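Counting starts at 1 for both ligands and their atoms, following the listed order. Predicted, not measured: the structure shown is a model, and the values here were computed from it.
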Amino acid sequence: MAALEGAEAARATATGMAAVTASLLGQLRAGDHVVAARQLFGSCRFVCEELLPRFGIASTLVEGTSLEEWQAAVRGETKVFFLESPTNPNLDLVDIAGVAAIARECGAKLVVDNVFATPLWQHPLALGADCVVYSATKHIDGQGRCLGGVILGSRAFIEKGIHSYLRQTGPALSPFNAWVLLKGLETLPLRVRRQTENAAAVADALAAHPKVKRLIYPGRPDHPQAELVRRQMKAGSTLIAFEVAGGKAGAFRFMNALRIVRISNNLGDAKSLITHPATTTHERFPPEVREAMGVTEGLVRLSVGLEHPKDLIRDLEGALAA
Ligand SMILES: *Cc1c(COP(=O)(O)O)cnc(C)c1O
């Protein structure tokens, strides 16, 4: 992982959430302050919004796409910035180099959750981040077999806070899962490359479909931040977000009519998986907060797998017709 990422040091953890939690708690103490993007994987948002404050670590959530909000949230005690890009489920981009410059100026460390981009398409350390975290459960395993996580950074960063936190608190990766994930790494570039090509083909086929109200794919020129995508990423993503006509009922009818694509909250798998964020990953948020996050009732998130793109497109079009 260190070689793929261009990092000096790396540590493996039992899950992606263990990696995120360690990357934050390993550097923080009571009295410190964290600035994080509002658009976070649900559990990451729980850690920042609910867990850290219980231990006297204040946090401010900002609109991740606004550099002004990152700047305005800085306090004397700000020690860590945390973001993911592209974000779940709306695939917004956060300007990593821009946020890194603000972090550097105030002496804070920037942690980037790079799960959606994968180590193939985005290198946060080269863009100025101090730490990159992964859920290896996703593309790194890529076959739905086990959980895992990775924390990467400079040798000094890992040895200062992360190493002893991991050693003393026990979120270790099991040897068997380490072996499974290493087998996953052997094919990671092949899988992610093909899944990204498939996602691009599927996104192009669905973008003009009359039953699709809005489609977001970072590899398309109509992505709202297409210029930033070109600057920050080497390719789109294996994920597509789109809004099905007919709200929640329309989305459910569509998902239930799929025959190849499976309903699951996992992503990055060799099998195509679809999820309805409003009733799963983002269910705990009140409807008005969900709306503000762009998680509408008709929105679905599709993780494109290794099936033939023509089969996938036929399956998706058939289900949209239903
Ligand atoms: C899945 C995921 C996590 C958490 O990973 P687990 O391995 O499930 O604990 C964190 N961040 C993002 C963006 C994810 O997709």
Tabulated below should be the N or O atoms of ligand 1 paired with protein N or O atoms at under 3.5 Å; can you produce that?
{"residue": "ligand 1", "atom": "5 (O)", "partner": "Ser135", "partner atom": "OG", "Å": "3.0"}
{"residue": "ligand 1", "atom": "7 (O)", "partner": "Gly16", "partner atom": "N", "Å": "2.8"}
{"residue": "ligand 1", "atom": "7 (O)", "partner": "Ser135", "partner atom": "OG", "Å": "2.7"}
{"residue": "ligand 1", "atom": "7 (O)", "partner": "Thr137", "partner atom": "OG1", "Å": "2.6"}
{"residue": "ligand 1", "atom": "9 (O)", "partner": "Gly16", "partner atom": "N", "Å": "3.2"}
{"residue": "ligand 1", "atom": "9 (O)", "partner": "Met17", "partner atom": "N", "Å": "2.8"}
{"residue": "ligand 1", "atom": "11 (N)", "partner": "Asp113", "partner atom": "OD2", "Å": "2.6"}
{"residue": "ligand 1", "atom": "15 (O)", "partner": "Lys138", "partner atom": "NZ", "Å": "2.8"}

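Panel note: side chain Gln232, backbone Ile96; a donor-acceptor pair is recorded below 3.5 Å. Looking only at distances, a side-chain donor or acceptor of Asn90 sits under 3.5 Å from a matching main-chain atom of Met293. A side-chain donor-acceptor contact under 3.5 Å links Asn198 to the backbone of Glu307. Of the possible polar contacts, one joining the Glu69 side chain to the Glu63 backbone as a donor-acceptor pair under 3.5 Å is found. Listed for the Ser303 side chain is no donor-acceptor partner under 3.5 Å among the backbone atoms of Leu267.
Each of Cys146, Ser174, Pro175 was evaluated against Val180; a single residue qualifies, Cys146, per the side-chain contact (heavy atoms from CB on, under 4.5 Å) test.
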